[in-house]
Amino acid sequence: MIDTDRVTGAVKELGGKVQSEVSELSGSTRDPVEGRATQTAARAERDCGQAKDKLRKGAEDVADYAEEGYRTGKRYLKEGHEQSVKWPHTSLLVAGLVGFGLGLLVSRR
């Protein structure tokens, strides 16, 4: 999806270029300056639209990576649960060792 600032900036830039060229051909001194000013403002608007597009793309990429990480974590959690159901005694032993280790850490002063 393209940002509207990008499109309107490009259109305004073209309008400023046309204004500048026509006024130079007609011999006007004021209109070419206005045309260049319009072009400069339009370029800034177009560049702002391009920056918004890049930020939007970056945010979408981050969201995709986060979603993939969530799915991977969920899969590992499910696999771990299945293993603990298959080997309940091992799971109890690991839980006991973790609890014992935490107890040692808390009791030390």
Side-chain angles (χ1 to χ4, degrees):
M1 182 166 127
I2 295 177
D3 191 76
T4 56
D5 290 340
R6 192 173 182 176
V7 174
T8 57
V11 171
K12 287 179 184 177
E13 184 178 5
L14 179 63
K17 189 176 277 190
V18 168
Q19 179 184 6
S20 180
E21 294 297 324
V22 168
S23 60
E24 284 182 11
L25 290 174
S26 68
S28 174
T29 57
R30 183 172 160 228
D31 288 340
V33 174
E34 287 180 8
R36 288 189 193 101
T38 302
Q39 281 180 300
T40 303
R43 276 190 206 115
E45 188 174 359
R46 184 196 64 206
D47 292 346
C48 180
Q50 288 175 343
K52 286 180 183 179
D53 286 342
K54 289 180 181 180
L55 285 172
R56 187 177 297 115
K57 171 89 170 81
E60 289 171 357
D61 289 346
V62 167
D64 289 344
Y65 291 135
E67 187 176 340
E68 180 64 29
Y70 174 77
R71 281 195 303 261
T72 302
K74 189 176 179 180
R75 188 180 75 236
Y76 286 151
L77 186 63
K78 185 178 179 181
E79 289 172 3
H81 172 71
E82 289 171 357
Q83 289 297 332
S84 70
V85 169
K86 286 181 186 177
W87 302 327
H89 293 87
T90 306
S91 300
L92 285 173
L93 179 65
V94 170
L97 290 173
V98 168
F100 182 73
L102 288 174
L104 286 176
L105 288 174
V106 171
S107 67
R108 288 191 179 181
R109 291 184 186 186

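One-based numbering along the sequence shown. Model, not experiment: these values are computed from the prediction. Computation of the quantities below employed the complete heavy-atom set of this structure, encompassing side-chain atoms and omitting hydrogens, waters and symmetry-equivalent molecules.
Here V98 pairs with V94, L102 under the side-chain contact (heavy atoms from CB on, under 4.5 Å) rule; sequence neighbours left out. Judged as a salt bridge (Lys or Arg N to Asp or Glu O under 4.0 Å), and not counting sequence neighbours, the contacts of E67 are R71. Annotation: side-chain contact (heavy atoms from CB on, under 4.5 Å) contacts of S91 (sequence neighbours excluded): S84. Checked against side-chain contact (heavy atoms from CB on, under 4.5 Å), E60 has the following partners two or more places apart in sequence or in another chain: R56. For Y70, the side-chain contact (heavy atoms from CB on, under 4.5 Å) test picks out K74, with sequence neighbours left out. Residues that satisfy the salt bridge (Lys or Arg N to Asp or Glu O under 4.0 Å) test with D61, not counting sequence neighbours, are K57.
Summarising the geometry, atom OG1 belonging to T72 is positioned 13.0 Å from atom OH belonging to Y65; distances are rounded to the nearest 0.5 Å.
With contacts defined as side-chain heavy-atom distances shorter than 4.5 Å, the pair K78/R75 does not qualify.
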